[in-house]
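Right, one structure below, let's go through it.
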Amino acid sequence: MLPSELLRRLDLGLDGDLPHLEEALTHPSFSNEQRGSRRVDNQRLEFLGDAVLGLCVTELLMERFPGAREGELSMMRSALVNTDALAAWARGIELGAALRVGRGAEVAGERDQTNVLADAAEALVAALYLDRGFESARALSRKIVASPLEKLASGSSLGRDAKSELQERVQARGAASPRYRLVGTEGPDHDRAFLVAVEVDGEVIGTGQGRSKKLAEQAAARAALEALAAGAAPGPAPVSPPEGALAEALGGAPEGREAPPESGGASPSRPMNDRGPSR
């Protein structure tokens, strides 16, 4: 599919040149096969687009749900801006057909891979931001989340809770069930934040925080899912150590502050790091 046809499908009234469009549609496999020319791909734009899309969707959610609390807004943003959601939108407009991919990647079917499509969607947002300004990026961002946002507004669920999904994925890889451990708390009693780490076979694969232990466990599970989506090994995956009290607690939680090996509940929560994702 030609870029001009893609722009027609986006229906954003974009006339004239878009200098960053070709870059946004270039997979790293294509640039790696080029010789004697400047190699560019969409990974830098994906990085920028992640931030722009996150801002636009946050703005939209605050406008659409004026009574929602911070944790609820974070949960909704995570549901709208993640690898699977972005890839679903990209497939709907056949974004994969417009990508430039390398010969090996073409044979391997990477044009339709979920991570590839999600990266391209974010890179496209960045291209519009750089070439047409924030209003165009905002318009595209709203189109990307329009369908799942309507489901959220109607009260429909966009998917299973993070803890259930993490358990299924970990067990499918032959590892033991995830174990959630309370490693610390922050703040006064009236505004307490719980800090939780999720472990597999004794290794931390995700961390999160929330206003209850259940919410913190969901946040930790989402962080672990993002690590797995980013290509973590089948077993436990290392994660970047968080800052503050959680980092200190992970170095050795004070005696008596550990949670039971497993606790129930499946309420959604605010992850320490949204995608956005990613992935």
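In what follows, residues are counted from 1 in the order of the sequence shown. Fair warning: this is a prediction, and the values are worked out from it, not measured in the lab.
T26 contributes no side-chain N or O that, together with a main-chain N or O of D41, makes up a donor-acceptor pair within less than 3.5 Å. When atom types are taken as modelled, the side chain of R192 and the backbone of G187 share a donor-acceptor pair closer than 3.5 angstrom. Side-chain atoms of N82 come within 3.5 Å of backbone atoms of A79 as a donor-acceptor pair (strictly under, hydrogens ignored). Side-chain N or O atoms of S136 include none that pairs as donor or acceptor with a backbone N or O of G133 at under 3.5 Å. Listed for the D131 side chain is a donor-acceptor partner under 3.5 Å among the backbone atoms of H20. Of the possible donor and acceptor atoms, one in the side chain of R111 sits under 3.5 Å from a partner among the backbone N and O of L99.
Residue S141 comes nearest to V125 through the heavy atom pair OG-CG1, 3.9 Å, listed as atom of the first residue, atom of the second, then distance. Taking both residues in full, the closest heavy atoms of E72 and G67 are given as OE1-O, 4.4 Å, listed atom of the first, atom of the second, then distance. The nearest pair of heavy atoms linking V196 to K213 is CG2-O, 4.4 Å. Minimum interatomic distance between A223 and G206 (heavy atoms only, all atoms of both residues): CB-CA, 4.3 Å. Of all the heavy atoms in V101 and F30, the pair that sits closest is O-CD1, 3.6 Å. Residue L225 comes nearest to R169 through the heavy atom pair CD2-CD, 3.8 Å, listed as atom of the first residue, atom of the second, then distance.
Using a 4.5 Å cut-off on side-chain heavy atoms (C-beta onward), E199 and P178 make no contact. Between E122 and V52, every side-chain heavy-atom pair lies at or beyond the 4.5 Å cut-off. Residues L86 and L117 form no side-chain contact, since every pair of their non-hydrogen atoms from C-beta on lies 4.5 Å or further apart. Contact annotation: the side chain of L60 approaches that of L149 to within less than 4.5 Å [non-hydrogen atoms, C-beta and beyond]. Between Q113 and N115, the closest side-chain pair of non-hydrogen atoms is not below 4.5 Å. Looking at heavy atoms from C-beta onward, L73 lies in side-chain contact with M76 at the 4.5 angstrom threshold. Looking at heavy atoms from C-beta onward, V198 lies out of side-chain contact with T207 at the 4.5 angstrom threshold. At least one side-chain heavy atom of L45 sits less than 4.5 Å from a side-chain heavy atom of L130.
The neighbour count for F134 CZ, taken as heavy atoms of other residues, nucleotides or ligands under 6.0 Å away, is above 12. The number of heavy atoms from other shown groups lying within 6.0 Å of CZ (F194) is above 12. Counting non-hydrogen atoms of neighbouring residues, nucleotides and ligands closer than 6.0 angstrom, the CD atom of E59 exceeds 12 such neighbours. For R69, the CZ atom counts as loosely surrounded, since its 6.0 Å shell holds 12 or fewer non-hydrogen atoms of other residues, nucleotides or ligands.
Within the model, atoms CG of L195 and CZ of R181 stand 11.5 Å from one another, a figure rounded to the nearest 0.5 Å. Expressed to the nearest 0.5 Å, how far CD of E165 lies from CG of D84 amounts to 7.0 Å. For the atom pair CG of L124 and CG of L25, the computed distance is 6.5 Å after rounding to the nearest 0.5 Å. Atom CD of E217 sits about 11.5 Å away from atom CG of L166, to the nearest 0.5 Å.
Partners of A146 according to the side-chain contact (heavy atoms from CB on, under 4.5 Å) rule, which considers only residues two or more places apart in sequence or in another chain, do not exist here.
A side-chain donor-acceptor contact under 3.5 Å links Q171 and S177. For R91 and T114, the side-chain atoms include at least one donor-acceptor pair closer than 3.5 Å.
A salt bridge is defined here as a Lys NZ or Arg NE, NH1 or NH2 lying under 4.0 Å from an Asp or Glu carboxylate O, and R100 with E22 meets this definition.
Both tests pass for K163 against the ring of Y180: distance under 6.0 Å to the centre and angle within 45° of the axis.
Linking Ile, Leu, Val, Met, Phe, Trp and Tyr whenever their side-chain heavy atoms come within less than 4.5 Å leaves V40 and F47 in two separate clusters.
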